[in-house]
K.L.:
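Have a look at the structure that comes next, please.
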Amino acid sequence: MNYADKNRFACAGAAASITRIPTVQLFVNLFLLIFLVPACSGFSQQAPALMPLPATVHFETGALPLTHRIRIQWKGYKDELLERAAGRFVANLNRRTGVDFVQDDSIDEAPVIIAIDCAAADPKFLTTSANENYEVKVSDTGVEIHAPGPTGVLRALATLLQLVEPPSKGFALREAYIEDRPRFAWRGIMIDVSRHFMPAALVEHELDAMELVKLNVLHLHITDSESFSIESKVYPLLSKKGGLDGRYHTQDEVRSIVAYARDRGIRVVPEIEMPGHMKSWLQGYPELASGPGPFHLGSDYAGGDAALNPADERVYKFIDNLIGEIAGLFPDAYFHIGGDEVIGKQWARNADIQKLMKARGFKTKGQLQAYFTGRVNDIVRRHGKIMIGWDEVLDGDAPRSMAIEAWRSSRMTAISVKAGHATIVATPYYLDLMLPAGMHYANDPLDTNAWGITEEQFKASDKLGGLLTPAFVLRGDFPLSPAERQLVLGGEAQMWSEITTPEMLDAGLWPRCAAIAERFWSPRENQNADDMYRRLYSIDALLAAFGTNQYANRQRMLLRIAPQDPTPLETLASVVEPIKFLGHWHNMRGGLQPDQNTLADAALPESLVARRFCEEADALSKSGGSDKALVERLKGELMQWQGNHALLVSSVSPLPNWQPVLDTSADLRDLATIGLEAIQLLATNQKPQKEWMDATDRVLAKQQKYAEASAHYPDFDHPPAQPGSEVLIAILPGIQNLAQAAKHGKD
Ligand code: TNX
């Protein structure tokens with residue numbers, strides 16, 4: 001399966017630019033550049049890294065020094081939730097600065113005053129109509145926050161943390177005036193806590209990070225074939241037999257997660273998957289299935305053929321009781337019932353189901369599923385909720401009252417809203433594809449031609465056992481009317497966890513979700529990926545300072561592989577990325593993975609070290625090597641990568657799968673050597689010899705092939721040759737640019 005060309009992975013070749021900026025947007029950007037930045041009166045330093053970018057922002061050059069006492073002055077409405085938020089703000093300020101700030105509302109000696117004017121309680125708090133607007137003003141006399149409701153105050157405090165500047169004399173808040181509001185009401189992350197069990201404390205930890213970038217929906221994919229991860233008291237065998245190794249979230253833990261999220265202005269939407277992806281239910285209740293077992297928990301994708309029996313009334317009674325119980329734990333108005341990837345073989349073989357289809361005149365699996373979905377929708381509504389389903393439910397006639405999560409292609413967004421459904425867009429935001437932030441950032445939820453496969457790719461593909469359908473195919477743009485646009489509630493980043501252990505969850509989410517959060521929050525015109533990355537470098541560090549473990553856990557994992565001397569392995573890991581588009585996942589043959597202690601698991605989905613190197617190499621190539629400081633910096637990095645191989649070979653005791661890692665390390669050495677030689681040629685204005693060019697081409701061609709194998713979904717029947725280590729060397733585009741520049745010299 002190949003993805004449309006415009007979404008090609010950035011590392012494929014030297015063409016590292018992935019943004020698509022229509023002319024109109026270019027003008028808008030230009031306008032922002034010309035008018036907004038100078039409006040930041042006497043702008044002298046770089047603008048602080050705000051993410052998501054506010055609707056409007058004016059920076060001043062001054063800064064408000066942060067003395068060690070912070071006084072929160074409540075001017076309007078206040079409640080306990082807001083007081084806790086202020087406490088969290090001060091605690092975060094401490095983490096950000098290392099300074100022990102004290103929130104002290106009594107002492108007068110020159111505190112920093114943060115005056116918070118919240119107009120009133122919000123009757124729509126924690127709904128899709130909650131008012132999240134706010135204003136922040138930082139001046140030399142203090143900070144003023146104005147918000148119509150509590151959620152706006154939470155969002156303002158998140159912005160304020162990003163205005164903290166590193167010390168010249170001490171930490172300070174950048175003077176600024178910000179007026180801000182979200183573009184979409186639904187800005188979520190879906191976390192799959194079923195394929196790998198994600199403990200409650202880890203889920204809460206992610207809520208902390210979500211608050212910092214103004215994400216406001218946590219969609220928990222709680223059940224799947226691999227496990228039923230929530231305690232049911234009504235049907236206890238669901239979690240007892242279907243929980244992964246006996247682990248599931250207790251109801252108390254669920255209440256704790258929900259309360260934790262509420263405090264942060266984040267809604268929690270549960271997903272109880274049905275009628276496919278079902279084997280975990282069937283461990284304790286095999287009679288619900290459409291066919292005979294045995295049903296083993298574990299690895300066949302989508303739960304193989306196992307599906308609930310839509311012709312059995314006992315199934316609906318069971319669902320009714322179960323939804324009644326689970327809905328009571330999640331106060332949110334929405335309830336997700338899954339509905340994706342029903343394989344349908346069991347349905348075709350069951351006489352009762354065939355009888356039902358005949359009696360009702362159903363010709364297709366989609367119609368049968370629509371019947372089931374309609375029945376479940378009635379149940380969910382009786383329990384006072386709005387039902388959400390994955391877009392397969394549109395393959396039949398889905399009830400208008402339900403919301404749809406579009407995932408198979410961006411075209412499904414159009415199909416969904418044109419059928420009148422409130423719609424959440426998942427398609428371009430699949431984090432398990434291990435793609436760089438910029439690729440997700442480039443795709444707008446309202447773009448109906450953003451992400452999917454072409455007709456040719458569909459025809460050529462092996463249809464993945466019937467799971468790949470025409471719904472995945474893009475057919476051009478389907479413009480949405482203003483009313484249809486209104487139906488797009490927003491989007492969700494998708495963190496499927498087949499190969500994501502709890503230890504890898506932070507790296508899967510952060511910092512890429514910060515860029516996606518910006519796509520959901522900020523005005524559509526913000527399309528400048530370079531500027532996004534400039535800010536992402538800072539936000540990544542900021543998130544890690546606040547406590548996300550993308551770096552800490554990578555180090556832990558590498559220490560496990562190379563306990564005696566992890567440094568050379570860390571150096572290698574810092575510039576590689578796992579192969580893309582489920583390559584690593586597929587090579588592990590799906591399902592739950594007991595052993596994920598490889599470099600490909602430890603490596604971050606996107607190496608920002610490599611990205612920054614590539615940007616600088618690009619700048620040097622364009623300038624023809626004339627920037628001396630840049631030359632020195634790049635040489636320093638390249639020498640480290642070049643010399644690393646000798647250290648790695650001599651310092652690590654080999655693991656069984658160690659040789660492919662050494663091969664990649666040698667490849668990194670070779671690439672770094674090319675980079676150094678190219679810089680030397682550029683700096684001395686020499687043309688390379690033909691032998692050098694030929695040898696360079698050979699080294700680059702090998703890596704280019706790997707990059708191309710990662711540029712699209714593999715044909716799973718005939719997978720392309722991947723590097724044995726299952727990682728890509730992410731500095732490749734930078735080296736390609738340098739080599740290219742050296743070849744052409746300063747013509
Ligand atoms: C498809 S997205 C699925 C999930 C997998 C995911 C892997 C969706 C509704 N279904 O079950 O985990 O692909 O990317």
Side-chain angles (χ1 to χ4, degrees), residues 50-55 57 70 72-96 103 114-138 143-164 173 176 178-189 203-218 257-269 331-332 490 513-514 517-518 520-522 539 542-543 546-548:
L50 299 183
M51 190 170 287
L53 216 50
V57 49
I70 304 283
I72 308 285
Q73 205 174 67
W74 298 99
K75 294 207 151 165
Y77 173 81
K78 159 175 104 156
D79 58 20
E80 285 177 6
L81 181 142
L82 285 175
E83 282 182 348
R84 285 194 294 273
R88 254 190 338 269
F89 169 78
V90 176
N92 274 326
L93 206 54
N94 291 359
R95 274 193 207 105
R96 168 75 179 90
Q103 184 186 344
I114 300 179
I116 302 180
D117 179 11
C118 179
D122 183 357
K124 297 283 170 56
F125 181 69
L126 230 52
T127 71
T128 50
S129 308
N131 194 330
E132 301 186 88
N133 301 0
Y134 70 89
E135 278 172 47
V136 168
K137 187 173 173 207
V138 181
V143 178
E144 283 174 40
I145 291 173
H146 295 275
T151 322
V153 176
L154 301 178
R155 307 301 173 240
L157 291 171
T159 298
L160 204 51
L161 280 172
Q162 296 185 357
L163 285 173
V164 177
L173 285 171
I178 292 169
E179 242 183 306
D180 202 8
R181 71 200 76 89
R183 178 169 169 226
F184 291 107
W186 195 297
R187 306 179 307 278
I189 298 183
V203 173
E204 293 180 359
H205 162 86
E206 305 308 351
L207 289 163
D208 281 329
M210 286 173 71
E211 182 183 29
L212 295 171
V213 292
K214 305 182 176 66
L215 287 165
N216 69 352
V217 180
L218 174 65
I257 291 172
V258 167
Y260 200 90
R262 181 180 197 279
D263 248 15
R264 288 151 182 78
I266 299 173
R267 300 167 35 226
V268 184
V269 176
D332 198 70
C513 278
E518 173 155 306
F520 297 159
W521 174 282
S522 307
I539 294 297
L542 209 60
L543 285 163
F546 288 136
T548 57

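Keep in mind it's a predicted model, so treat the numbers as computed, not measured.
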K.L.:
Which atom pair, heavy atoms only, marks the closest approach of R262 to L126?
P.N.:
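Heavy-atom minimum between the residues: CG-CD2, 3.5 Å.
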K.L.:
Begin from the C-alpha positions of L212 and T548 and carry the test side-chain contact (heavy atoms from CB on, under 4.5 Å) through to its verdict.
P.N.:
CA-CA 11 Å; L212 295 171; T548 57; over 6 Å; no
K.L.:
Looking at CG of L50 and CG of L161, how far apart are the two atoms once the value is rounded to the nearest 0.5 Å?
P.N.:
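L50 CG to L161 CG: 11.0 Å, rounded to 0.5 Å.
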K.L.:
Say whether, by atom type as modelled, one donor and one acceptor occur between the side chain of R155 and the main chain of A147 under 3.5 angstrom.
P.N.:
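Between the backbone of A147 and the side chain of R155 there is no qualifying donor-acceptor contact (under 3.5 Å).
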K.L.:
Could you check whether any side-chain heavy atom of I257 comes within less than 4.5 Å of a side-chain heavy atom of L207, counting everything from C-beta outward?
P.N.:
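Touching, per the 4.5 Å side-chain cut-off.
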K.L.:
What residues, two or more places apart in sequence or in another chain, satisfy side-chain hydrogen bond (donor to acceptor under 3.5 Å, both in side chains) together with D263?
P.N.:
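side-chain hydrogen bond (donor to acceptor under 3.5 Å, both in side chains) list for D263, sorted by chain: R84.
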K.L.:
Output all residues satisfying side-chain hydrogen bond (donor to acceptor under 3.5 Å, both in side chains) with R183, sequence neighbours left out; order by chain, then residue number.
P.N.:
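R183 satisfies side-chain hydrogen bond (donor to acceptor under 3.5 Å, both in side chains) with D444 once adjacent residues are dropped.
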K.L.:
Carefully, step by step, assess I178 and L163 under the rule side-chain contact (heavy atoms from CB on, under 4.5 Å).
P.N.:
CA-CA 11 Å; I178 292 169; L163 285 173; 4.1 Å; yes
K.L.:
Looking only at heavy atoms, which two atoms of A86 and W74 are closest? And how far apart?
P.N.:
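That would be CB-CZ2, 3.9 Å.
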K.L.:
Atom OH of Y260 and atom CG of L218: how far apart are they, to the nearest 0.5 Å?
P.N.:
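Those atoms lie 12.5 Å apart.
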K.L.:
Hey, what do you get for CG (L160) to CD1 (I114), rounding to the nearest 0.5 Å?
P.N.:
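Reported value, rounded in 0.5 Å steps: 5.0 Å.
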K.L.:
If we only count heavy atoms from C-beta on, is the Q162 to I539 side-chain gap below 4.5 Å?
P.N.:
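Yes, close enough: below the 4.5 Å cut-off.
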K.L.:
Apply side-chain contact (heavy atoms from CB on, under 4.5 Å) to the pair L154 and E132, showing each step before the final yes or no.
P.N.:
CA-CA 8 Å; L154 301 178; E132 301 186 88; over 6 Å; no
K.L.:
For L215 and C513, work out which heavy atoms get closest and say how close.
P.N.:
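For L215 versus C513, the nearest heavy atoms are CD1-O, 4.1 Å.
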K.L.:
By side-chain contact (heavy atoms from CB on, under 4.5 Å), which residues pair with A158, not counting sequence neighbours?
P.N.:
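Partners of A158 under the side-chain contact (heavy atoms from CB on, under 4.5 Å) test: K214.
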K.L.:
List for me each residue that meets ring-ring contact (aromatic ring centres under 6.0 Å, His included) alongside Y134, sequence neighbours excluded, and say none if there are none.
P.N.:
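For Y134, no residue satisfies ring-ring contact (aromatic ring centres under 6.0 Å, His included) once neighbours in sequence are set aside.
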K.L.:
Looking only at non-hydrogen atoms, find the nearest pair between R187 and P182 and report the distance.
P.N.:
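Looking at all heavy atoms of both residues, the closest pair is NH1-CB, 3.4 Å.
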K.L.:
Checking R181 now: which residues fulfil side-chain hydrogen bond (donor to acceptor under 3.5 Å, both in side chains) with it, not counting sequence neighbours?
P.N.:
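Checked R181 against side-chain hydrogen bond (donor to acceptor under 3.5 Å, both in side chains); zero matches.
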K.L.:
Who passes side-chain hydrogen bond (donor to acceptor under 3.5 Å, both in side chains) against R88, sequence neighbours left out?
P.N.:
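Scan of R88 (side-chain hydrogen bond (donor to acceptor under 3.5 Å, both in side chains), adjacent residues dropped) gives E211.
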K.L.:
State the CD1-CD distance between I189 and E206, to the nearest 0.5 angstrom.
P.N.:
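Answer for the CD1-CD pair, I189 versus E206, is 7.0 Å.
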K.L.:
Kindly write out the residues that satisfy side-chain contact (heavy atoms from CB on, under 4.5 Å) with D332, not counting sequence neighbours, or none if the list is empty.
P.N.:
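For D332, the residues satisfying side-chain contact (heavy atoms from CB on, under 4.5 Å) (neighbours in sequence not counted) are R267, V269, Y334.
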K.L.:
Can you tell me how far CG of N94 sits from CZ of F546, rounded to the nearest 0.5 angstrom?
P.N.:
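Here the rounded value is 10.5 Å.
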K.L.:
How would you list, by chain and number, every residue that makes a salt bridge (charged side-chain N to carboxylate O under 4.0 Å, His left out) with E518, sequence neighbours excluded?
P.N.:
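With neighbours one apart ignored, the set is R535.
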K.L.:
Please report the shortest heavy-atom distance between P52 and S522, naming the atom on each side.
P.N.:
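Result for this residue pair: CB-OG, 3.4 Å.
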K.L.:
What are the two closest non-hydrogen atoms of T151 and A130, and how far apart are they?
P.N.:
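Smallest heavy-atom distance, with atoms named: OG1-CB, 4.2 Å.
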K.L.:
Going from CG on D117 to OH on Y77, what distance comes out if it is rounded to the nearest 0.5 angstrom?
P.N.:
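So the CG of D117 and the OH of Y77 are separated by 13.5 Å.
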K.L.:
Do any N or O atoms from the side chain of S129 and from the backbone of K124 form a donor-acceptor pair under 3.5 angstrom?
P.N.:
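Checked: no pair found.
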K.L.:
Quick one: list whatever passes side-chain contact (heavy atoms from CB on, under 4.5 Å) with P148, sequence neighbours left out.
P.N.:
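Result, side-chain contact (heavy atoms from CB on, under 4.5 Å) vs P148: N131, N133.
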K.L.:
Check step by step if side-chain contact (heavy atoms from CB on, under 4.5 Å) holds for D180 and W521.
P.N.:
CA-CA 10 Å; D180 202 8; W521 174 282; 3.0 Å; yes
K.L.:
Excluding sequence neighbours, so at least two apart, what forms salt bridge (charged side-chain N to carboxylate O under 4.0 Å, His left out) with D208?
P.N.:
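Partners of D208 by the salt bridge (charged side-chain N to carboxylate O under 4.0 Å, His left out) criterion, ordered by chain and then number, come out as R264.
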K.L.:
For K78, which residues count as a salt bridge (charged side-chain N to carboxylate O under 4.0 Å, His left out) partner, sequence neighbours excluded?
P.N.:
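Residues passing salt bridge (charged side-chain N to carboxylate O under 4.0 Å, His left out) with K78: E83.
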